[in-house]
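Counting convention: from 1, in listed order, for ligands and their atoms alike.
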Amino acid sequence: MESVGAMAMGRQGSGRPKVSVIGAGMVGGAVAQYLALRDYADIVLIDIVEGLPQGKALDLAETAPVLGYDSHLSGGNGYHDTAASDVIVITSGIARKPGMSRDDLLRTNMGIVRSVTQQAMEHSPDAVLIVVSNPLDAMCHVAYATANIPRERVIGMAGVLDSARFRTFIAEATDVSVEDVSAMVLGGHGDTMVPISRYSTVAGVPITQILEPDRVKALEERTANGGAEIVSLLKTGSAYQAPGASVVEMVNSILLDKRRVLPCSVYLQGEYGIEGLFVGVPVKLGREGVRQIIELALTAEESAALLKSAAAVQDLVDAMARLDAEAVSEA
Ligand SMILES: NC(=O)c1ccc[n+]([C@@H]2O[C@H](COP(=O)([O-])OP(=O)(O)OC[C@H]3O[C@@H](n4cnc5c(N)ncnc54)[C@H](O)[C@@H]3O)[C@@H](O)[C@H]2O)c1
């Protein structure tokens, strides 16, 4: 119990779980916004740009009285306030700019993800890490190698977003509520992702039994192209609302120990015949991170598509090793 005088002196420690979002850009801001609305966690936004995380946090704090949440929001440029976070979300990185090669982007984002992971983990060694920065599966490798924590605590966000896109298109095509649609997208987050229509359903019925094959194929292709479709419409940026909400779905399952089964990029050690790579597969998410990797029975064709997608992740991992070796030889 505290006196009214003490209360008037300012907010005391809340006792709520703490989520730190590194990178207060479009996706980071959306994560903070959707998470604040859930009203059970305190949120720290961090960015290298001075004023950006502070401004976004203050704006969201000033939204709280209107929308009625008590999540505490703060922003900063150092990691002090992130100490003892339960979950750390990494959204820092740059987008590919005109004239920039894939290697340039990979080199820059590797450096950023390595540096923020190291600093964030120093202050929160027990946190669960959710990686969002692209190229997603490759950045999961960087975070995992840097954090040096069990694989259960490094999880990439991509499948929740990709399957949300698939659900949107299925609901549209079948004229039903999105709530009655579930979808499964496996593989790396890129052109080679693998929407699995046999496991994508309307009220439990696979869409392969509802829609003509060419219609199913068109929905799968639109899903695989989902990120590019938004970029071509927005012209000056990429999707952030659905990505932000998808991260919050994962945070919820972790912090509320809901044990949702969600497709996420995780480090496979033999599951699905894949060894030593981050690839998107369904996992059960709870308080400690990944509680279980769920192995779906796949047809030969689905399995081949998943292995092809894993090979694309391997190419990026190889490219990162080459860039690291070049950096060492240049030093
Ligand atoms: N996994 C997915 O499904 C998915 C979906 C959408 C976006 N993304 C990726 O998420 C990332 C963020 O996207 P965005 O639209 O928010 O970009 P953005 O440019 O709006 O935000 C990125 C932020 O990172 C910050 N930043 C850069 N270096 C930093 C560092 N060293 N420390 C702290 N902050 C740093 C920048 O200042 C910027 O504010 C991109 O890599 C994007 O490709 C992934």
Inset, instruction - Could you tell me whether some N/O pair between Val27 and ligand 1 is separated by less than 3.5 angstrom? - result: yes
Inset, instruction - Determine, using heavy atoms of Ser115 and all atoms of ligand 1, whether some pair is separated by less than 4.0 Å. - result: no
Legend entry - Side-chain heavy-atom pair Glu271, Ile294 within 4.5 angstrom cut-off: no
Inset, instruction - Decide whether an N or O pair under 3.5 Å exists between Ile46 and ligand 1. - result: no
Inset, instruction - First locate atom CG of Leu136, then atom CE of Met157, and finally report the distance between them rounded to the nearest 0.5 Å. - result: 7.0 Å
Inset, instruction - May I ask you to check whether over 12 heavy atoms, not counting those of Asp318, lie within 6.0 Å of atom CG? - result: yes
Legend entry - Pairs touching residues 199-214 that satisfy side-chain hydrogen bond (donor to acceptor under 3.5 Å, both in side chains), sequence neighbours left out: Ser182-Thr201
Legend entry - Shortest protein contact, atom 23 (C) of ligand 1 (heavy atom only): Asp47 OD2, 3.6 Å
Inset, instruction - Could you tell me whether Val132 and ligand 1 have an N or O pair separated by under 3.5 Å? - result: yes
Legend entry - Arg259 bridged to Asp257 by N-O distance under 4.0 Å: yes
Inset, instruction - For atom 41 (O) of ligand 1, state whether the nearest protein heavy atom is under 4.0 Å away. - result: yes
Legend entry - Of the listed options Ser92, Gly29, Pro53, closest to atom 26 (N) of ligand 1 (non-hydrogen atoms): Ser92
Legend entry - Any N/O pair Tyr79/ligand 1 closer than 3.5 Å: no
Legend entry - Nearest-0.5 Å distance, CD of residue Gln314 to CG of residue Asp137: 12.0 Å
Inset, instruction - May I ask you to check whether Val116 has an N/O atom sitting below 3.5 Å from an N/O atom of ligand 1? - result: no
Legend entry - Residue portion contacting ligand 1 (non-hydrogen atoms closer than 4.0 Å) for Leu161: side chain
